[in-house]
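Just below is one structure, and these are the notes that go with it.
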Amino acid sequence: MPTPHRSIRNIAVGLPTRDGHILVLDGEDPVKGQVFHRAIGGGIEFGETAEAALRREFREELGVSLGEVTLLGVIENIFEYEGNPGHEISHVFAVSSDEIDAIPLDARLKVLDEGSPIGWVPIDDGWPLYPEGARELLRI
């Protein structure tokens, strides 16, 4: 059986914060039985900067425009999800947006292009936040 082609995925993700909360995707890995949060964002396309990808992803996923974005750091994330290995280089940004700030803290949203649930959670709620290390970048 041939080995599947594996590659490193280059992504840009944003961490909107407000009143001690962070806006994140909710996820679950049924193989591990783990519930987690994931920063909002996605793949960087060929010829696109990380910041341009971040702005495009927030438009596609939430229908919002971002204001100021600040690169917090770059994280190499090697992981396993649903029994499959993954490897990402994650450009992690602090983001601001009047449109995001208008989202109530108790709102439950869905990603427009895939339907994953999104909501505000306390920054230190105890659930894993991926990419691993993103929460620590907020504290720097």
Side-chain angles (χ1 to χ4, degrees):
M1 177 183 235
T3 304
H5 176 69
R6 298 207 169 112
S7 62
I8 299 171
R9 188 167 180 235
N10 202 5
I11 67 170
V13 297
L15 301 172
T17 59
R18 188 173 97 222
D19 299 329
H21 290 74
I22 183 170
L23 188 66
V24 292
L25 290 159
D26 294 331
E28 182 178 358
D29 184 335
V31 173
K32 293 180 187 174
Q34 180 189 54
V35 175
F36 59 88
H37 301 305
R38 180 152 177 88
I40 300 167
I44 301 170
E45 297 177 359
F46 183 81
E48 184 178 48
T49 66
E51 181 178 331
L54 179 73
R55 291 180 184 281
R56 175 183 48 77
E57 288 289 340
F58 270 77
R59 274 191 312 276
E60 291 174 359
E61 295 185 359
L62 292 176
V64 300
S65 296
L66 296 178
E68 185 177 337
V69 300
T70 304
L71 181 64
L72 296 173
V74 178
I75 298 171
E76 184 169 21
N77 188 24
I78 299 172
F79 60 96
E80 187 173 295
Y81 176 66
E82 294 184 341
N84 298 307
H87 190 168
E88 298 173 331
I89 304 298
S90 304
H91 303 259
V92 182
F93 292 85
V95 302
S96 65
S97 166
D98 292 340
E99 294 168 84
I100 292 174
D101 286 346
I103 299 170
L105 288 177
D106 62 352
R108 297 302 301 164
L109 309 170
K110 293 206 180 280
V111 171
L112 297 176
D113 62 355
E114 68 174 60
S116 297
I118 294 177
W120 292 103
V121 298
I123 290 173
D124 292 315
D125 76 346
W127 293 104
L129 173 64
Y130 295 112
E132 194 171 318
R135 183 177 278 125
E136 289 72 22
L137 288 175
L138 282 173
R139 295 187 184 117
I140 294 175

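Predicted model only: the values in this text are computed from it and were never measured. Every heavy atom of this structure was used, including side-chain atoms; hydrogens, water molecules and symmetry mates were not.
- Interatomic distance, CG of L137 versus CG of L15, reported as 7.5 Å (0.5 Å rounding).
- Once rounded to the nearest 0.5 Å, the distance linking CD1 of I118 with CG of L25 reads 4.5 Å.
- Looking at R55, its side chain does come within 3.5 Å of a backbone N or O of L66 through a donor-acceptor pair.
- For D124, the side chain to side chain contact (heavy atoms under 4.5 Å, CB included) partners two or more places apart in sequence, or in a different chain, are R135, R139.
- Expressed to the nearest 0.5 Å, how far OG of S65 lies from CZ of F58 amounts to 11.5 Å.
- For S116, the side chain to side chain donor-acceptor pair (under 3.5 Å) partners two or more places apart in sequence, or in a different chain, are E114.
- Every residue two or more places apart in sequence or in another chain that forms a side chain to side chain contact (heavy atoms under 4.5 Å, CB included) with T49 is listed here: E51, A52.
- Placement of L138 and V95 in two distinct hydrophobic clusters is found when ILVMFWY residues are connected by side-chain heavy-atom separations under 4.5 Å, directly or transitively.
- F36 and L129 fall into different hydrophobic clusters, where Ile, Leu, Val, Met, Phe, Trp and Tyr are joined by side-chain heavy atoms under 4.5 Å apart, directly or via other members.
- Connection of Y130 to V121 is not established within any shared hydrophobic cluster, with ILVMFWY side chains joined at heavy-atom distances below 4.5 Å, either directly or through further cluster members.
- Not counting sequence neighbours, the partners of P104 by the side chain to side chain contact (heavy atoms under 4.5 Å, CB included) test are D106, A107.
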Which side-chain N or O atoms in residues 16-23 pair as donor and acceptor under 3.5 Å with protein atoms at least two apart or in another chain?
| unit_1 | atom_1 | unit_2 | atom_2 | d |
| --- | --- | --- | --- | --- |
| R18 | NH1 | D101 | O | 2.6 |
| R18 | NH1 | I103 | O | 2.8 |
| R18 | NH2 | I103 | O | 3.2 |
| H21 | ND1 | D19 | O | 2.9 |

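- Annotation: side chain of R6 is in contact with side chain of P85 (closest heavy-atom distance under 4.5 Å).
- By the criterion of side-chain heavy atoms lying less than 4.5 angstrom apart, applied directly or through intervening Ile, Leu, Val, Met, Phe, Trp or Tyr residues, I89 is not grouped with V13; the two fall into different hydrophobic clusters.
- G14 approaches A39 most closely through the heavy-atom pair O-CB, 4.0 Å.
- Nearest heavy atoms, P117 versus R108: CB-NH2, 3.8 Å.
- Judged purely by atom type and a 3.5 angstrom limit, S97 uses its side chain to pair as donor or acceptor with the backbone of E99.
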Enumerate, atom names and distances included, each donor-acceptor pair closer than 3.5 Å involving a side-chain atom of residues 71-82, sequence neighbours excluded.
| unit_1 | atom_1 | unit_2 | atom_2 | d |
| --- | --- | --- | --- | --- |
| E76 | OE2 | H87 | NE2 | 2.7 |
| N77 | ND2 | E88 | OE1 | 3.4 |
| Y81 | OH | E28 | O | 3.4 |

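- In this structure, the side chains of I40 and L62 come closer than 4.5 Å at one or more pairs of heavy atoms.
- The line from CD of Q34 to CH2 of W127 is 9.0 Å long, rounded to the nearest 0.5 Å.
- In this structure the side chain of H37 reaches within 4.5 angstrom of the side chain of D26, judged on heavy atoms.
- For residues 57-74, the set of pairs meeting the salt bridge (charged side-chain N to carboxylate O under 4.0 Å, His left out) definition, not counting sequence neighbours, comprises R56-E60.
- Note on V24 and I123: same hydrophobic cluster, where clusters join Ile, Leu, Val, Met, Phe, Trp and Tyr whose side-chain heavy atoms are under 4.5 Å apart, directly or indirectly.
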